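Scope of the values below: all heavy atoms of this structure, side chains included, with no hydrogens, waters or symmetry mates. Predicted model, so just to flag it, every value in this text is computed and none were measured. Index from 1, following the sequence. Whatever order the structure lists ligands and atoms in, that order sets their numbers, starting from 1.
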Amino acid sequence: MINKIKALLQEVENMKAANAEELEALRIKYLSKKGEISALMNDFRNVAADQKREVGQFLNQLKETTQNKINELKESFDNVQTGNDDIDLTRTAYPVELGTRHPLSLVKKEICDIFGRLGFSIAEGPEIEDDWHVFSSLNFAEDHPARDMQDTFFIQHNPDVLLRTHTSSVQTRVMETQQPPIRIICPGRVYRNEAISYRAHCFFHQVEALYVDKNVSFADLKQALLFFAKEMFGPETKIRLRPSYFPFTEPSAEMDISCNLCGGKGCAFCKHTGWVEILGCGMVDPNVLESCGIDSKVYTGYALGMGIERITNLKYQVKDLRMFSENDVRFLKQFESAN
Ligand code: DAH
């Protein structure tokens, strides 16, 4: 029996197939249930006990070699087919379609560049935050109604783990690790539990600016705001400040710019007032400085925050906020030339 196995081994090692059909015939001849190797396996029962070990080893070797050889031949057919027939290496390459920058990214970059020219550097913080950084450190008292101003998404019913509702949290992150002078601009995504419509979304983007040093005054804030408005919306742009309330600034204000569509004459966009609101701002409340370990008797600061979607709407008149997150290329393509 050993001789027969050795002869078959020899045969298998030299076996050749010209095509897939021939290969299948070989597989049937050797490896199928009625094939040569199965027959040997059946005969194995009759081998004398003292020879079983040696014969068994030869038999296994034969089976393995046959299987390997058949796989090898099969692979060589597969390669030949795809390698030669399917790929035409002389064909012209497909044109690579270039993407465009998202309008929100364009505007974010422009805002950061403008503040960059005033010496602000970029700072970022996490989107998943805790109560301290989003509310408590920013002078929102535990039961203060201002907390309801921003409908918060909490994570896993834990009141201390939440999605940040504004980028003001980055102010705290920087102030608790750095002493003044601090001059930062913080762009990022924020989340609020709002019903999605053409004018509200459950996530949007903000840019926050913070300047803390000795002798920073409201006049410095006003100057920075005017510079920003003229750079962003053109040199004719006017600004006005209205008193407002934010827990983290005192005094606080909201800034309007002269409507950039009608130049201040009054149109449907500005509801015929000639003005449109674009941001909130104020002098950093001393409580906020103190809660971050900054001496409020030595330092003062101003802060401001604005929505990137709002600024983008003013620049490009996008009427439906949802367009920003739908990824419709027909919409996105329109900003190609702005890149
Ligand atoms: N955090 C405010 C909001 O989300 C925006 C804001 C207002 C930021 C006044 C400021 C500020 O830094 O001084 O509505």
Asker: Has Met306 got any heavy atom lying under 4.0 angstrom from an atom of ligand 1?
Answerer: no
Asker: Within a distance under 4.0 Å of any heavy atom of Gly280, pick out the atoms of ligand 1 and give their elements.
Answerer: 7 (C), 9 (C), 11 (C)
Asker: Check Glu277 with Arg310, please: is the shortest side-chain N to carboxylate O separation under 4.0 Å?
Answerer: no
Asker: Using distance alone, decide if ligand 1 has a nitrogen or oxygen within less than 3.5 Å of any nitrogen or oxygen in Ala303.
Answerer: yes
Asker: In terms of ring plane angle, is the pair Tyr191 and Phe203 parallel, tilted or perpendicular, where the classes change at 30° and 60°?
Answerer: tilted
Asker: Ring centres of Phe246 and His166 under 6.0 Å apart?
Answerer: no
Asker: Against heavy atoms of Ser168, which atoms of ligand 1 measure under 4.0 Å?
Answerer: 1 (N), 8 (C)
Asker: I need the atoms of ligand 1 closer than 4.0 Å to a non-hydrogen atom of Gly282, numbered in the order shown.
Answerer: 13 (O)
Asker: Decide whether the shortest distance between a heavy atom of Phe248 and an atom of ligand 1 is less than 4.0 Å.
Answerer: yes
Asker: With atoms numbered from 1 as shown, which atoms in ligand 1 lie under 4.0 angstrom from a non-hydrogen atom of Gln206?
Answerer: 3 (C), 4 (O)
Asker: Going by salt bridge (Lys or Arg N to Asp or Glu O under 4.0 Å), name the pairs with one or both residues in residues 11-20, residues two or more places apart or in two chains.
Answerer: Glu11-Lys29
Asker: So does Arg117 pair up with Asp113, basic N to acidic O under 4.0 Å?
Answerer: no
Asker: My understanding is that only one of Leu118, Leu304, Thr237, Ile114 makes a side chain to side chain contact (heavy atoms under 4.5 Å, CB included) with Phe228; could you say which?
Answerer: Ile114
Asker: Would Glu336 and Thr100 count as a side chain to side chain donor-acceptor pair (under 3.5 Å) if you check the C-alpha gap in whole Å, the side-chain angles of each, and the deciding distance to 0.1 Å?
Answerer: CA-CA 5 Å; Glu336 212 164 13; Thr100 56; over 6 Å; no
Asker: Once you restrict to heavy atoms under 4.0 Å, what part of Leu304 touches ligand 1? Side chain, backbone, both or neither.
Answerer: backbone
Asker: List every atom of ligand 1 that sits less than 4.0 Å from any heavy atom of Gln171, numbering the atoms from 1 in the order shown and giving each element.
Answerer: 12 (O)
Asker: Between Asp160 and Asp131, is there a donor-acceptor pair closer than 3.5 Å when you use the side chain of the first and the backbone of the second?
Answerer: yes
Asker: For ligand 1, is there an N or O atom under 3.5 Å from any N or O atom of Glu208?
Answerer: yes
Asker: Which atoms from ligand 1 have a heavy atom of Thr249 less than 4.0 Å away?
Answerer: 13 (O)
Asker: Tell me the side-chain hydrogen bond (donor to acceptor under 3.5 Å, both in side chains) pairs involving residues 255-266, sequence neighbours left out?
Answerer: Arg240-Asp256, Arg242-Asp256
Asker: Can you name the atoms of ligand 1, numbered from 1 with element, that are less than 4.0 Å from a heavy atom of Arg192?
Answerer: 3 (C), 4 (O), 14 (O)
Asker: Pick one of side chain, backbone, both or neither for how Glu250 approaches ligand 1, counting any non-hydrogen atom pair under 4.0 Å.
Answerer: neither
Asker: Does Glu254 have a non-hydrogen atom less than 4.0 Å from ligand 1?
Answerer: no
